[in-house]
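Report on one structure; see the data block that follows.
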Amino acid sequence: MQLPDNSGFDATSDAVDEVNILKGKLWDQAASLDAEKDKSKFRQYDDACERVKSFYKEQHEKQTMEFNIKMRVNMRKTVRARMGVWEAMELLNTLVDESDPDTQLTQIEHLLQTAEAIRRDGKPEWMQVTGLVHDLGKLLHIFGSEGQWDVVGDTFVVGCAFSEKIVLHESFVGNPDSKDAVYSTPYGIYQPHCGLENVMLSWGHDEYLYHILKEQSTLPEEGLAMIRYHSFYPWHREGAYTHLTNADDEKALAAVRAFNPYDLYSKSDAPVDAAALKPYYERLIKRYFNDVIEW
Ligand SMILES: O[C@H]1[C@H](O)[C@@H](O)[C@H](O)[C@@H](O)[C@H]1O
Ligand SMILES: [Fe+2]
Ligand SMILES: [Fe+2]
């Protein structure tokens, strides 16, 4: 005889449910461990190939204060080309970034992968379009830079001591500024907490594109911060330079940190179909940029 069960408790099926919940939790754990493992494989500079190591050696030796001033002055007096954003993406496609240990993909793919990852997460259109353009400053290389060392790679502060948080920082011994009486000190030419606004970052694609788009786009402040600081890993990832930053930089830091995973981890995403995505992004481009940009 079976007694009516008023407790609402069915021993067998509840036990099965519980096992399933446990299984689910184990799966989630395994998946997140896997994701962790994958993420830990990015940005491994000590084990990087010769191409990457010799890139950083050259960059660290040549990015001096003197060079930086020269490039900033130069920036203001030249228009290098006139073209729209999509055309710029296509033009950039000939560049393979020597500083990057994580992708050998072309730049248009990297830009679309970044934008698509942001879009997939339901982030706002201005952020999608920021992802789409964030590396267009690498056009500098096509316009005739001295090499890749003054275009790509992580950025750092010049005019004060080179931080030990910079990847492969040993190679700064070959930089004349590391022996300069002022530039080699912790504050160098800067005042304590003067703010990043007043600090000179090494010259490259971030700084260049920031100056172009500050004048020629309607991107919000956060989007411009994502562009300006996305390669500044010693700051946004390693926490260096807090003796120079101030309260105004907090908002920028939050923006860059929100952006970084899309830039970095989308490098392992499935390939994109540029032609299929073009109409969607052309619509966004129209919303935020002039048809023709003065590069
Ligand atoms: O090698 C990469 C690449 O050049 C990126 O565009 C830059 O933003 C990163 O900071 C750098 O590590
Ligand atoms: Fe970049
Ligand atoms: Fe990037």
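Start at 1 and go down the list; that is how both ligands and their atoms are numbered. All of these numbers come straight from a predicted model, not from anything done at the bench. Just so you know, these numbers use all the heavy atoms, side chains as well, and skip hydrogens, waters and symmetry mates.
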In Glu58, Gln59, His60, the residue satisfying side-chain hydrogen bond (donor to acceptor under 3.5 Å, both in side chains) with Lys62 is Glu58

For ligand 1, which atoms, with element, lie under 4.0 Å from some heavy atom of His230? 8 (O)

One finds that the ligand 1 atoms under 4.0 Å from a non-hydrogen atom of His205 are 6 (O), 7 (C), 8 (O)

Taking CD in Glu282 as the centre, count heavy atoms belonging to other residues, nucleotides or ligands within less than 6.0 Å. Is the count above 12? yes

Any heavy-atom pair between the side chains of Asp269 and Arg120 that's under 4.5 Å? yes

Contact flag His134/the Fe ion (ligand 3), N/O/S atoms, threshold under 2.8 Å: yes

Should Lys70 and Glu146 be marked as a salt bridge (charged side-chain N to carboxylate O under 4.0 Å, His left out) after you check the CA-CA gap, both sets of side-chain angles, and the distance that decides it? CA-CA 12 Å; Lys70 193 174 94 190; Glu146 294 198 12; 3.7 Å; yes

Is Asp100 touching ligand 1 with its side chain, its backbone, both, or neither, if touching means heavy atoms under 4.0 Å apart? both

Looking only at heavy atoms, is any part of Asp97 under 4.0 Å from ligand 1, and if so is it the side chain, the backbone, or both, or is it neither? side chain

Considering only the protein, which heavy-atom contact is closest to atom 7 (C) of ligand 1, and what is its distance? Ser231 OG, 3.2 Å

Write the atom name of the N, O or S atom in Asp135 that is nearest the Fe ion (ligand 3). OD2

Considering only protein heavy atoms, which is closest to atom 2 (C) of ligand 1, and at what distance to one decimal place? Ser99 OG, 3.6 Å

Which of the ligand 1 atoms, numbered from 1, are nearer than 4.0 Å to a heavy atom of Arg43: 12 (O)

Short list, please: which atoms of ligand 1 are under 4.0 Å from a heavy atom of Tyr233? 10 (O)

May I ask you to list the atoms of ligand 1 that are less than 4.0 angstrom from any heavy atom of Tyr45? 12 (O)

Roughly how far, to the nearest 0.5 Å, is the NZ atom of Lys267 from the CG atom of Leu264? 5.5 Å

Pull out every atom of ligand 1 sitting under 4.0 Å from any heavy atom of Asp135, numbered as shown with elements. 6 (O)

Just checking, Arg72 and Tyr208: is the charged tip under 6.0 Å from the six-membered ring centre and within 45° of the axis? no

Atom name in His205, limited to N/O/S, at shortest distance from the Fe ion (ligand 2): NE2

Result of checking Ile212, Val256, Leu213 against Ile227 for side-chain contact (heavy atoms from CB on, under 4.5 Å): Leu213

Nearest heavy-atom neighbours spanning Val157 and Cys160: CG1-SG, 3.7 Å

Which label fits Phe172 and Phe162: parallel for a plane angle under 30°, tilted from 30 to 60°, or perpendicular past 60°? parallel

Crowding at CD, Glu125 (>12 non-hydrogen neighbours, <6.0 Å): yes

Record the part of Phe55 in heavy-atom contact with ligand 1 below 4.0 Å; permitted values are side chain, backbone, both and neither. neither

To which protein heavy atom is atom 5 (C) of ligand 1 closest, and what is the distance rounded to 0.1 Å? Lys138 NZ, 3.8 Å

Describe, in one word, how the ring planes of Tyr241 and His243 are oriented to each other, choosing from parallel (under 30°), tilted (30 to 60°) and perpendicular (over 60°). parallel

Please state whether His110 comes within less than 4.0 angstrom of ligand 1, counting heavy atoms only. no

Near Gly153 (heavy-atom distance under 4.0 Å), the atoms of ligand 1 are 4 (O), 10 (O), 11 (C)

The angle formed at the Fe ion (ligand 3) by OD1 of Asp263 and NE2 of His110 is about (to 10 degrees) 80°

List the closest protein heavy-atom neighbour of atom 10 (O) of ligand 1: residue, atom name, distance to the nearest 0.1 Å. Asp154 OD1, 2.8 Å

Verify the ring-centre separation between Tyr229 and Trp235: is it less than 6.0 angstrom? yes

